[in-house]
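Inspection log for the structure reproduced underneath, given as structure tokens.
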Amino acid sequence: MNANEILDVIEEIFPNAKCELHHESPFQLLVAVVLSAQTTDESVNKVTPALFKAYPTSKEMARASISNIEPYIRRIGLYRNKARSISALSKDLEAKFNGVVPSSYKDLMSLAGVGRKTANVVRSVAFDIPSFAVDTHVDRVSKRLGLAKPYDSVEKVEEKLKRKIDRDRWNQGHHDFIFFGRYLCTARHPQCQKCPFTSFCRKDKLEAYKQKAAQK
DNA sequence: ATCCCGAGGG
DNA sequence: CCCTCTGGAT
């Protein structure tokens, strides 16, 4: 089964895969994605309503002190780094881009706390530019399904997925993999009974590789 | 390679 | 108790 066929099957199981981070503007999406690092989006959605009510745009966020931002996001973890990031990011957005979220990798990744993965999500969801963000779910699922090697970096995984999947399916395919990884092919106790791909799954090989890499 | 870090699930 | 959650900067 090739990558496009795998997507066909996943879309039968999860017909409504989409971005689940609540936001009302590209700026709010950008902040929500930064907050989502190592955190479930469900947790992010619990804190963003109050945060965005207090600071709806980069203008208000840039004026807030970090110590005023922290209480809003403390519950999601990594909160000091994240408060510092969204403060600096908002100030930069005002100063360099007049508060308008840019769409190029170069401009997006020049912002505090924004790396390749966050830039890809913003490009895809806010601007509908074909992109393929590789996060923990996409990385794990791609390697279990044999679309990437266990030792591939996230950059290499992104490159391979973009090569193997039709360009007009990149944005939807990203969310398909996320839903598959979040709700079926989970990290800890995947529901292999419900999985249509067990005949070629490489979960065991991936875990063996990780074991080996963890020693030393 | 390590650190940041709280919440929720098993 | 232990693991995982749409990472990024140092």
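Chain identifiers are assigned alphabetically (A, B, ...) following the order of the sequence lines, protein sequences preceding nucleic acid strands; residue numbering begins at 1 within each chain.
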>> Mind checking if A/R84 touches a base, just sugar-phosphate, or nothing, with heavy atoms under 4.0 Å?
In response: nothing

>> Restricting to ring-ring contact (aromatic ring centres under 6.0 Å, His included), what partner residues turn up for A/Y183, sequence neighbours left out?
In response: A/F179

>> At a heavy-atom distance below 4.0 Å, which nucleotide of DNA chain B is the first touched by chain A, and which is the last?
In response: B/dC4 to B/dG10

>> So, using salt bridge (charged side-chain N to carboxylate O under 4.0 Å, His left out) as the criterion, who are the partners of A/E94 when residues are at least two apart?
In response: none

> Which of residues 179-190 of chain A have a heavy atom under 4.0 Å from DNA chain B?
Replying inline: A/R188, A/H189

> Between which nucleotides of DNA chain C, 5' to 3', does chain A make heavy-atom contacts below 4.0 Å?
Replying inline: C/dC2 to C/dA9

> Can you list, by residue number, the residues of residues 24-42 of chain A that have a non-hydrogen atom closer than 4.0 angstrom to DNA chain C?
Replying inline: A/S36, A/A37, A/Q38, A/T39, A/T40, A/D41

> Could you give all pairs that pass the side-chain hydrogen bond (donor to acceptor under 3.5 Å, both in side chains) test and reach residues 188-199 of chain A, with sequence neighbours left out?
Replying inline: none

>> Holding to salt bridge (charged side-chain N to carboxylate O under 4.0 Å, His left out), I want the full list of residues that pass it with A/K117, two or more places apart in sequence or in another chain.
In response: none

>> Run the ring-ring contact (aromatic ring centres under 6.0 Å, His included) test against A/Y151 and tell me which residues pass, sequence neighbours left out.
In response: none

>> Does anything in residues 142-177 of chain A come within less than 4.0 Å of DNA chain C? Heavy atoms only, and list the residues if so.
In response: A/H174, A/H175

>> Looking only at the side chains, is there a donor atom on one of A/R123 and A/N120 sitting less than 3.5 Å from an acceptor on the other?
In response: no

>> Could you work out, with salt bridge (charged side-chain N to carboxylate O under 4.0 Å, His left out) as the rule, every residue matching A/K156, not counting sequence neighbours?
In response: A/E159

> Cluster partners of A/Y105, using ILVMFWY side-chain heavy atoms under 4.5 angstrom, listed by chain and number?
Replying inline: A/M109

> Between A/E42 and A/R182, is a salt bridge (Lys or Arg N to Asp or Glu O under 4.0 Å) present by the stated rule, with each step listed?
Replying inline: CA-CA 12 Å; A/E42 192 183 345; A/R182 184 181 294 161; over 6 Å; no

